[in-house]
Amino acid sequence: MFKKSMIPLALVAIIAVLSLLVAGCGEKADSKELKIGANFEMTGGVATFGQSAVNGIKLAFKEANTGGGILGKQLSLVVADNKSEASEAVNAATKLITQDKVKAVLGPVTSSNTLAQSKIAHENKVPFITPTGTNPKITVDGGKVQDFAFRACFIDPFQGTVMANFASKSLKAKTAAVYIDNSSDYAKGLAEFFEKAFVAAGGQIVSKEAYLAKEQDFKAVLTKIKATNPEVIFIPGYYQEVGMIAKQARELGITVPLLGGDGWDSPKLVEIAGAAALNNGYFSNHYSSEDKDPRVVKFVEAYRKEYNQSPDALAALGYDAAVMLIDAIKRANSDDPVKIKEALAQTQNLQGVSGVITLNAEHDPVKSAVVIELKDGKQVFREKVNP
Amino acid sequence: MELNSFAQQLVQQLINGVSLGSIYSLIALGYTMVYGIIRLINFAHGDIYMLGAYVGFFCTSILGLSFFPALLAAMAVAAVTGIVIERLAYRPLRHAPKIAVLITAIGVSLLLEYGGILAVTPQPRTFPAVFPARIYTFGGIVVNSQQIVILAVALALMVLLTYIVQRTKIGRAMRAVSYDTDAARLMGINVDQVISFTFGIGSGLAAAAGVLVGIYYNSIDPLMGIMPGLKAFVAAVLGGIGIIPGAMLGGVIMGVVEALVSGFISSTFRDAAAFAILIAILLFKPSGLLGKNIREKV
C-alpha cells in the first residue's frame with residue numbers, strides 16, 4: 001500500500017513512463033510504414049457497412065504492398081471504430097490524427113459521421129476520403145469547397161433523382177409517399193432531391209413522414225401512409241430501420257413498391273425484414289457484383305478469394321477510395337498530408353471498380369448508378385443510369 | 001378523408017397503440033412495484049428488459065427452445081439478475097440519502113448497457129421465427145397474430161401479478177411493507193426478503209416484455225432499453241407511481257396516445273407528446289390518474 005505522500009510521486013513516475021512510450025510510438029511512424037487511418041462503423045447500427053468498406057480497403061492495400069508498396073514504404077491501416085455514432089466519429093478521428101499521426105483518413109461510411117469528422121480533419125490539415133458519404137455538404141458547405149474532404153461515390157442529388165425517375169418512368173407511378181430518417185443528413189438529402197425530381201416528372205407527393213434512428217414501432221405512421229394510397233413509398237434510410245419498416249408495412253397489407261438508396265445494401269436488411277417482405281423493393285446503388293465489366297469481375301474474384309463472400313457496394317467503394325488515395329500519394333511523390341490533398345483534387349480518369357473516377361471542382365466523382373431489385377432476398381441488377 | 005376510412009384508420013391505430021401500450025405496461029409494472037416498496041426509481045429497469053430480450057434470443061437461436069420455454073427462461077434469468085442487483089447495489093445503501101441510491105441506479109443502468117455492448121457486441125440481432133406471423137384482415141383492419149400473443153401474454157401476466165399481490169401471503173407482505181416498512185418489520189415480516197421478491201417479479205415482467213418485443217420487431221440491441229424504459233417510467237407516473245393498476249392503465253394510454261399522435265398529427269411529435277404527458281401530469285395531478293393526494297411524510 002502507498003502512503004499518501006507517495007501518491008504524487010508515483011503519478012509522476014507513471015506519467016514519465018507513459019510519455020516515453022508515446023514518444024517511442026512517434027519515432028516508429030518514420031520508419032518503413034506509411035500510416036493511413038480508417039474511421040469506420042465497425043459496430044453499431046450500420047456495422048456491416050463499415051466492415052465491408054474496411055475489407056475493400058485492406059484488399060487494395062494488400063495489392064499495393066505486394067507490388068512493393070509506395071514511396072518505398074508499406075501501407076499500414078490503423079482502424080478506429082466509431083460505433084455508428086457521430087460523437088464517436090469525432091473521437092475516432094481525433095485519435096487517428098493526433099495520436100496515431102496518420103497521413104490521411106479513409107471513412108466514415110455515413111454522411112452524418114463524415115460531417116462530424118470534417119472539422120477535425122480540417123483543423124489538423126489531414127485529407128480524408130469517405131467511400132460512401134453521399135450528402136453534398138461533405139465537400140461543399142455554404143458555397144465553399146471543403147479543402148481536405150473527398151469522396152469516392154456519387155452525391156445525393158444524383159441518387160435521389162435516379163430513384164424519382166425510376167419511380168415515374170419504369171414503375172409508372174403518379175403518387176409517392178416519402179418516409180425519412182429524421183436523424184440522418186443522408187436520408188434528408190435523398191428525400192429532398194427525390195421529391196424535386198418526382199414532382200418535376202409530373203408526380204405528386206401524397207404523404208411525408210419521418211422517424212428517428214433506433215425506433216422500433218412504425219405501424220402508426222405506416223397506417224397513416226396507407227390511408228393516402230401512394231403508388232410507391234420512398235424510404236431513404238439505413239437497413240436496420242428500413243428492415244423493420246418493410247416488415248411492418250407488409251404486415252399492414254401495404255403491397256406497393258418500396259424504394260430506397262444505397263443505405264439498403266446489407267445482408268441484414270433481408271434478415272430483419274424477411275425475404276418475402278422485400279419483394280417489390282428497389283434501391284439505387286453504386287455498383288452491382290453481377291456487372292459483367294472485366295474490372296468488376298476481377299475485383300469480385302479477388303475479394304471472394306480473400307474473404308469468401310461476394311463484395312457489396314461498400315466493399316467496392318472502400319476499395320476505390322483506397323485506390324484513389326494510393327494514386328494520389330504516388331502522384332504527389334510525398335506522404336505530406338497537404339501534398340496528398342493537392343494530388344487528390346487532381347484525380348483524373350482513374351479506373352475504379354465502381355466506374356471511372358474523375359473528380360470535379362467540388363471534389364465529387366461523376367459516376368453512373370445502378371438500380372437493384374430485391375427478389376426473394378436476392379439482389380437482381382435492374383438498370384444502369386449515367387449522369 | 002371520408003368518414004368510413006377515418007373510422008377504419010382510427011380502429012387500426014387503436015390496435016397498434018394497445019399492442020405497443022401493453023409492452024409499456026409490463027415494463028411500467030416493475031418501476032411502480034419497486035417504487036411502491038422502497039421509493040426508488042430503478043433506472044436500470046429498462047436494461048433488465050434488454051437483458052430479457054437477449055436471454056430469449058440465445059434460448060431460441062442457440063438452445064433452439066420454443067416460445068414459452070424461452071419466455072420462462074428469460075423471466076427467470078432476469079428475476080435472478082434483478083435480485084442480485086438489489087442485493088449488491090441497493091441494499092448497502094438502504095439508509096443512505098435517496099439521491100445516492102438514484103445515482104447508483106443510473107450507474108447500474110450504464111453498466112448493463114455498456115457491459116452488454118462488450119459482451120454481445122452492439123450489432124443488432126434478429127430473432128429466429130419462433131412462431132409464424134399470421135395476418136388477419138377484418139374489413140380493412142389488419143391484426144397480426146403476434147399482436148394477439150403480446151396482448152394475451154401481457155394480460156395473463158397482469159392477472160397473475162394481481163393474484164399474487166392480492167391473494168397470497170407474500171403479496172400481503174408486499175402491501176404491508178409498501179404501506180409502512182417499520183410497522184411491517186415489527187410485525188415479523190422479513191422486509192429484505194420482500195424487497196428481493198419485488199425486484200425479482202418486476203424484473204421478470206420486464207424480461208417478458210423484452211422477449212415479446214424481440215419477436216414482434218425482430219431486432220434487438222444492447223441500447224434498446226433506454227427509450228422504452230423512459231416511456232414506461234412516464235407510464236408509471238401517469239397511472240400513479242406505486243399503484244399497480246395505474247401502471248397497466250398508464251402503459252396502455254401511452255401506447256394509444258403515441259399511435260394517435262403519429263397517425264393523425266405528425267410522427268415527429270410522437271416522443272414530444274409522450275413527455276408532454278409527463279409534464280402535464282406532474283403539473284396538474286402529481287399523484288397520477290389513480291393516485292390519491294396524500295401529503296408525503298418529510
Side-chain angles (χ1 to χ4, degrees), chain A residues 41-48 50-51 81 83-85 88 179-180 182-183 207-229 238-254 266-274 276-277, chain B residues 1-2 5-6 8-17 19-20 23 117 121-129 133-135 137 140-147 213-214 216-224 226-228 255-271:
Chain A
E41 291 77 351
M42 303 307 285
T43 58
V46 290
T48 70
Q51 289 159 1
D81 177 14
K83 301 185 183 135
S84 309
E85 284 170 27
E88 290 288 336
Y179 193 14
I180 58 172
N182 228 0
S183 46
S207 169
K208 261 178 82 171
E209 295 297 335
Y211 64 91
L212 291 174
K214 295 257 154 206
E215 272 181 22
Q216 292 198 306
D217 193 278
F218 304 97
K219 284 204 166 161
V221 175
L222 287 168
T223 302
K224 188 179 173 190
I225 291 179
K226 190 187 174 192
T228 61
N229 281 320
Y238 296 118
Y239 59 87
Q240 193 185 352
E241 286 85 13
V242 171
M244 286 191 263
I245 293 173
K247 177 174 181 277
Q248 293 173 25
R250 298 307 190 215
E251 281 171 6
L252 283 173
I254 297 176
S266 165
K268 281 263 174 198
L269 178 73
V270 181
E271 240 177 77
I272 294 173
Chain B
M1 204 183 297
E2 55 184 301
S5 91
F6 176 79
Q8 205 179 59
Q9 217 190 331
L10 184 68
V11 175
Q12 184 72 58
Q13 294 293 18
L14 286 176
I15 293 173
N16 297 338
S19 58
L20 182 66
I23 301 280
I117 287 185
T121 78
Q123 286 279 24
R125 291 173 197 254
T126 52
F127 255 74
R134 255 186 228 98
I135 290 159
T137 319
I141 308 292
V142 185
V143 183
N144 179 335
S145 59
Q146 291 174 339
Q147 286 174 316
V213 159
Y216 184 44
Y217 297 129
N218 201 19
S219 172
I220 60 173
D221 66 87
L223 300 184
M224 69 185 276
I226 300 176
M227 225 18 182
V256 170
V257 166
E258 284 196 2
L260 293 182
V261 166
S262 41
F264 294 105
I265 303 172
S266 165
S267 43
T268 38
F269 284 149
R270 192 178 78 170
D271 290 350

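First the proteins, then the strands, lettered A, B, ... as listed; each starts at 1. Excluded from the calculations below are hydrogen atoms, water molecules and symmetry mates; all remaining heavy atoms, backbone and side chain alike, are included. Being a predicted model, the structure only gives us computed values, none of them experimental.
- Side-chain contact check for T126(B) and E271(A): at least one donor-acceptor pair (N or O, by modelled atom type) lies under 3.5 Å.
- A donor-acceptor distance shorter than 3.5 angstrom exists from the side chain of Y239(A) to the backbone of T48(A), with no hydrogens or angles considered.
- Of the listed residues (I272(A), T228(A), V46(A)), the greatest number of heavy-atom pairs within a distance under 4.5 Å of chain B belongs to I272(A).
- Counting heavy atoms from C-beta on, the side chains of M224(B) and V213(B) come closer than 4.5 Å.
- Two residues are said to be in side-chain contact when any heavy atoms from C-beta on lie closer than 4.5 Å; S219(B) and Q240(A) meet this criterion.
- With a threshold of 4.5 angstrom between heavy atoms, K268(A) approaches chain B through side-chain atoms but not through N, CA, C or O.
- Contact of K226(A) with chain B is made through the side chain alone, with heavy-atom distances under 4.5 Å.
- In this pair, Y179(A) and Y211(A) present their aromatic rings perpendicular. The plane angle is above 60°, beyond the 30 to 60° band.
- Among T43(A), L252(A), L212(A), T223(A), the residue making the largest number of heavy-atom pairs under 4.5 Å with chain B is T223(A).
- Looking only at distances, no side-chain donor or acceptor of N144(B) sits under 3.5 Å from a matching main-chain atom of I135(B).
- In this structure, no portion of T121(B) lies under 4.5 Å from any heavy atom of chain A.
- The contact between D221(B) and chain A is made entirely by side chain atoms (from C-beta outward), counting heavy-atom distances below 4.5 Å.
- The side-chain heavy atoms of E209(A) and K224(A), taken from C-beta on, include a pair separated by under 4.5 Å.
- Under the 6.0 Å cut-off for aromatic ring centres, F264(B) and F6(B) qualify, their centroids lying closer than that.
- Neither the backbone nor the side chain of L14(B) comes within less than 4.5 Å of any heavy atom of chain A.
- With a 4.5 Å cut-off on non-hydrogen atoms, K219(A) touches chain B through its backbone and its side chain both.
- Residues N16(B) and Q13(B) bring a donor and an acceptor atom of their side chains to less than 3.5 Å of each other.
- The contact between Y216(B) and chain A is made by backbone and side chain atoms together, counting heavy-atom distances below 4.5 Å.
- Your options are S19(B), S266(B), G263(B), and the one with the most heavy-atom pairs under 4.5 Å with chain A is G263(B).
- For Q51(A), the part lying near chain B is the side chain, with the backbone staying farther off; criterion is any non-hydrogen pair under 4.5 Å.
- At a 4.5 Å heavy-atom cutoff, V143(B) makes no contact with chain A through either its backbone or its side chain.
- Of the two parts of D217(A), the backbone and the side chain both hold a non-hydrogen atom closer than 4.5 Å to a non-hydrogen atom of chain B.
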